[in-house]
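For reference, the structure discussed in these notes is given below.
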Amino acid sequence: LPGEILRSIFKQLESKDLRNVLLVSKYWKSVADEPALWTDFELPRRCGKEINFVKFFQGSMSSKLQKLSLHMLNFRLNNQHFTVLLDLQLSKLTIGRIDLSDVSPEMFAKVVNNCKECCIEGNADMDDKLRSMFEQMETGTKLKSLTLEWNEWYESELYLGFIDSSTLRNALSKLESLWLGDVRLGAGFNKSCVLKMKSLYFWECHEFSDMDLLAAVLVNLTSLRFCRTYLDETQVRYLMDALDKSSKLKMKLLDLSEIDLRKVPEKLLARVIVKIENVILYAVDIDVDQLEEILGAIIVKATVIRFLDLDGIRILNKVDPDLFAMAVNKLESFSFGRGITKLTVNQTQEIFKVMSMQTNLRMFSDAEDPPYFSNISIESIDHIQKVDPETLAKALFNLEEVKLDFDSKLTPAQYRAIFLKFRDSTKHKFI
């Protein structure tokens, strides 16, 4: 077979099967060796033991690692272990909650700055290592994306005030993406840090005061996420006004999870929401009038928005069913998400009634990691068993992707109607 055909076949294989492919012939090996086929290859679980960890990195398979996650190790890493990581061409390194006391700050800094993306989860006694990491970043780094995630492990936030403000500023200015979980940067964080950044994520960052800084770089950002980060009424209004006035937004994702939006004027909020492709309003505080203004804007205007997450909004069941159904079907994807929001029977029935006639929807989504959405099962939607079988079948026939869990929440009549309809399916890309 030609190489491009083999390559298409090999793309469907898991890493354990690709390892066998390498042994078939020199020709197959030459095709299967391509890095693009090994993006999902991970450190084998057996490497949690030191003897297996060392043996793996002595073999040739270690060179295929592109994403490495260091966690759940039952031994203590040292400089010798970290040295072998310098020879890898890592696109992403995740350093979990592991004991790094035998790794020197200098070696830690070298390894982190030798990859394109790094996620560092909360670890004790990290000051010297973080200081060395930022000092090396200042002089030269491959890093484009950095995540510092402290909130999951410690009650107190990580304050980077122990790092020289000039060093921190120069280091951060080299990044394109910054993800902060319960981290406070202090005086070193200013406009010069974020001029080149395309993505900012603030998770449980309790102190965020420089809205002028944010407004200055909105035009460059493709992703802005605030989740469980306190913004007062003035800050929220400032952010909305800045987004509303910006005519050259590149932003593809706006996440305002768990923020109080109730003081934002209805029309202003709606104008901002519909001009951004992917919007997450998970568990926000919002009024029914504001919600209906957003949904109405989606229906009647030529909007940019393609995906909307309204999960966790407990008053969603008070929204007019007809308005809600028409707006949902104008989108390409909508999140019923994590099962917190409860729809009424009328809302669910109306959504599928409209969908059965005409829809822009491609799939029902979970918004855990937009824009890389994952399907949610049809059975997880509130009152789905109350939808007429023929209407449900016609509605699902109009989607591109459908997920069924077979957990008895659909009636036998609904399953029968769906599969009878799917016999003639030409639109579906995934079932």
Side-chain angles (χ1 to χ4, degrees), residues 203-204 225-237 239-240 243-244 253-276 278-301 303 305-355 359 361 364-368 370 373 376 378-387 409:
W203 173 278
E204 288 192 352
R225 305 188 69 174
F226 289 100
C227 188
R228 297 183 184 176
T229 294
Y230 175 73
L231 297 179
D232 63 29
E233 179 183 333
T234 302
Q235 290 174 317
V236 172
R237 179 61 185 267
L239 175 61
M240 292 295 111
L243 287 168
D244 185 41
L253 172 64
L254 176 65
D255 183 351
L256 300 174
S257 295
E258 300 185 48
I259 287 178
D260 191 341
L261 301 175
R262 288 173 294 182
K263 297 296 183 180
V264 181
E266 299 164 13
K267 293 187 182 299
L268 170 61
L269 182 59
R271 285 198 305 271
V272 170
I273 297 304
V274 299
K275 71 188 295 187
I276 298 169
N278 304 290
V279 179
I280 300 176
L281 300 179
Y282 173 74
V284 297
D285 288 318
I286 193 169
D287 293 330
V288 173
D289 290 344
Q290 290 174 304
L291 270 178
E292 292 191 340
E293 187 71 33
I294 292 170
L295 298 173
I298 293 173
I299 294 170
V300 301
K301 296 181 180 179
T303 61
I305 189 168
R306 296 166 50 213
F307 167 78
L308 181 62
D309 177 8
L310 297 179
D311 195 38
I313 300 179
R314 300 185 185 279
I315 63 166
L316 190 61
N317 57 14
K318 297 181 180 179
V319 171
D320 177 74
D322 292 335
L323 176 67
F324 187 36
M326 287 188 288
V328 166
N329 282 282
K330 283 280 187 178
L331 300 166
E332 290 186 16
S333 186
F334 180 82
S335 178
F336 290 94
R338 308 161 188 83
I340 298 173
T341 298
K342 298 298 180 185
L343 304 181
T344 66
V345 173
N346 286 343
Q347 284 175 325
T348 299
Q349 289 176 331
E350 194 62 33
I351 286 171
F352 284 91
K353 177 182 175 182
V354 174
M355 195 190 311
T359 186
L361 277 176
F364 291 116
S365 306
D366 184 3
E368 286 295 325
F373 303 115
I376 65 165
I378 300 303
E379 289 93 339
S380 67
I381 298 172
D382 290 323
H383 309 296
I384 190 65
Q385 70 277 8
K386 301 289 186 180
V387 178
K409 290 186 179 178

Ignoring hydrogens and geometry, is there a side-chain-to-backbone donor-acceptor pair from Asp311 to Ser335 under 3.5 Å?
no
Whether the side chain of Asn278 engages the backbone of Arg306 through a donor-acceptor N/O pair (distance < 3.5 Å, no angle test) should be reported.
no
Could you name each residue pair satisfying salt bridge (Lys or Arg N to Asp or Glu O under 4.0 Å) that touches residues 280-290, not counting sequence neighbours?
none
Check residues 318-326 and write down every donor-acceptor pair under 3.5 Å in which the side-chain atom is one partner and the other belongs to a residue at least two apart or another chain.
{"residue": "Asp320", "atom": "OD2", "partner": "Asp322", "partner atom": "N", "Å": "3.2"}
{"residue": "Asp320", "atom": "OD2", "partner": "Leu323", "partner atom": "N", "Å": "2.9"}

For Glu293 and Leu269, indicate whether the former's side chain and the latter's backbone hold a donor-acceptor pair under 3.5 Å.
no
Smallest separation among heavy atoms of Ile384 and Glu379, with atom names
CG2-O, 3.9 Å
Derivation of the side-chain hydrogen bond (donor to acceptor under 3.5 Å, both in side chains) call for Asp255 and Ser257:
CA-CA 6 Å; Asp255 183 351; Ser257 295; 2.6 Å; yes
Which value, rounded to the nearest 0.5 Å, describes the distance between Leu254 atom CG and Leu281 atom CG?
7.5 Å
Separation between CG (Asp309) and CZ (Phe334), nearest 0.5 Å, reads 7.5 Å
For Lys342 and Asn317, work out which heavy atoms get closest and say how close.
O-CB, 3.1 Å
Are the side chain of Thr303 and the backbone N or O of Val274 linked by a donor-acceptor pair below 3.5 Å?
no
Rounded to the nearest 0.5 Å, what separation is found between the CG atom of Leu295 and the CG atom of Leu310?
6.5 Å
Applying side chain to side chain donor-acceptor pair (under 3.5 Å) to Glu258 and not counting sequence neighbours gives Arg228
Closest heavy-atom pair and its distance - Leu256, Val284
O-CG1, 3.1 Å
Does Lys275 use its side chain to pair, donor to acceptor, with the backbone of Leu243 at less than 3.5 Å?
yes
